[in-house]
Amino acid sequence: MDRVMVPLGKPRAERADAARNRLRLLSTAREMITESGVDKVTMDALAERSGLGKGTVFRRFGTRAGIFHAVLDDDERAFQESVLSGPPPLGPGAEPVERLITYGRARITFLMAHLAIARAALDRNQPVPAGEASISQVHIHMLLRQARPDIRDLDTLAVQLAAALEAPILLYLAKPEDADSGRHVDRLAGSWEALVEHVCRTGTPRRPSGPDKRNIGRPMIGANEGMAEDHHRHAPFRAVPGEDRP
């Protein structure tokens, strides 16, 4: 699935006036999105509404897609902070399986709330990065290593689980417009919980089918809770498919 990546991490140092302009533009963009939706947000409209020059807006965002790119980046930072240092069970302090389940619900909720913005953040004139780890992939890998250190190929399993978590966007796009969004999120979150519990369940070790048969032992819940928390602090955000509108 084609996606755009929003670079994360600590923002570069900027002049005080540039920082004020950035915050002003982001705040204005959010107001416009809330009032009229993403379709009404353009470079010219944002400049007029914010009271800043068009040159300032273009230097800051580059393209219309860049406006939404910046909004996503800003919101993604807040989401990551809640995962890395917020209260449990989303943040540190809960057992790995509980954190995995909670993370899935929080991530689905975040993606559903940002669906329109994420689509608008895609720039059809830019190449689509592929192959880099998403925040979900890296965070899931860390928690799986704590919950199931006996699984050999954690890398592959983390990729597959991350794909299962991010894929609900496609289901949401196919959801009837009159369907209840809250119930839809609950259904997706319930499916994620069932998947995590199946992967991390206790029980007799099983030997998977296929040419590469490896024993999978019992899960070890609660091992090294804080391990590798900072390894995924700056993982990129992956937005959903769509295209920029000029």
Side-chain angles (χ1 to χ4, degrees), residues 3-87 90-91 103 105-126 128-129 134-136 139 166 168-169 172-173 177 181-182 185 232-246:
R3 296 171 182 171
V4 68
M5 311 285 283
V6 176
L8 299 178
K10 186 177 181 180
R12 293 177 298 174
E14 56 185 342
R15 302 189 317 272
D17 59 336
R20 286 193 299 270
N21 287 343
R22 174 176 56 82
L23 294 175
R24 185 172 181 177
L25 288 169
L26 287 176
S27 176
T28 303
R30 293 181 193 281
E31 291 175 0
M32 296 174 69
I33 292 170
T34 300
E35 293 174 4
S36 307
V38 297
D39 291 343
K40 301 298 183 181
V41 180
T42 65
M43 302 287 272
D44 290 345
L46 180 58
E48 181 179 357
R49 175 76 174 259
S50 65
L52 297 173
K54 294 181 181 179
T56 299
V57 176
F58 275 88
R59 283 193 299 273
R60 169 60 62 179
F61 301 121
T63 65
R64 178 178 180 271
I67 299 172
F68 305 103
H69 212 259
V71 172
L72 276 176
D73 183 50
D74 196 50
D75 288 353
E76 183 69 23
R77 293 176 195 278
F79 178 81
Q80 289 196 35
E81 285 303 315
S82 66
V83 172
L84 295 171
S85 57
L90 181 59
Y103 175 81
R105 172 174 286 277
R107 192 63 184 170
I108 290 169
T109 302
F110 178 91
L111 293 173
M112 296 303 100
H114 290 79
L115 180 61
I117 298 174
R119 294 184 68 189
L122 288 162
D123 189 342
R124 61 186 174 187
N125 297 315
Q126 297 295 323
V128 179
S134 67
I135 174 182
S136 291
H139 188 62
E166 306 290 339
I169 294 176
Y172 189 87
L173 290 173
E177 293 185 1
S181 296
V185 169
H232 59 293
R233 183 175 294 276
H234 306 317
F237 174 77
R238 295 175 181 267
V240 296
E243 63 180 23
D244 184 35
R245 297 190 178 103

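Nearest heavy atom pair, residue Ala121 against residue Ala65, reads O-CB, 3.6 Å. Of all heavy-atom pairs between Asn21 and Thr56, the closest is ND2-CG2, 4.1 Å. Taking every heavy atom of both residues into account, Thr28 and Ser50 meet most closely at OG1-CB, 3.8 Å. Of all heavy-atom pairs spanning Leu72 and Ala118, the tightest one is CD1-CA, 3.6 Å. Minimum interatomic distance between Arg24 and Gly51 (heavy atoms only, all atoms of both residues): NH2-CA, 4.2 Å. Nearest heavy-atom pair across Ser82 and Leu90 is OG-CD2, 3.6 Å.
The NE2 atom of His69 sits 11.5 Å away from atom CD of Glu76, with the distance rounded to the nearest 0.5 Å. For the atom pair CG (Leu46) and CG (Leu52), the distance works out to 8.0 Å, reported to the nearest 0.5 Å.
At least one donor-acceptor pair closer than 3.5 Å links the side chain of His114 to the backbone N or O of Phe110. The backbone N or O of Leu23 lies less than 3.5 Å from no partner atom in the side chain of Ser27, so there is not a single donor-acceptor pair. Within the 3.5 Å criterion, the main-chain N or O of Ala18 finds a donor-acceptor partner in the side chain of Arg60. For the pair Arg64 (side chain) and Val41 (backbone), a donor-acceptor distance under 3.5 Å is present.
Annotation: side chain of Tyr103 is in contact with side chain of Ile135 (closest heavy-atom distance under 4.5 Å). Taking the side chain as every heavy atom from C-beta outward, Leu25 and Phe61 approach each other to under 4.5 Å. The shortest distance between side-chain heavy atoms of Phe79 and Val83 falls below 4.5 Å. Counting only heavy atoms from C-beta outward, the side chains of Met112 and Ser181 never approach each other to under 4.5 Å. Side-chain contact between Ile33 and Phe68: present, with at least one pair of heavy atoms (C-beta onward) separated by less than 4.5 Å. Counting only heavy atoms from C-beta outward, the side chains of Asp74 and Arg30 approach each other to under 4.5 Å.
A salt bridge does not link Arg22 with Asp17: none of the charged nitrogens is closer than 4.0 Å to a carboxylate oxygen.
Listed by chain and residue number, Glu31, Glu35 satisfy the salt bridge (charged side-chain N to carboxylate O under 4.0 Å, His left out) test with Arg49 (two or more places apart in sequence, or in another chain).
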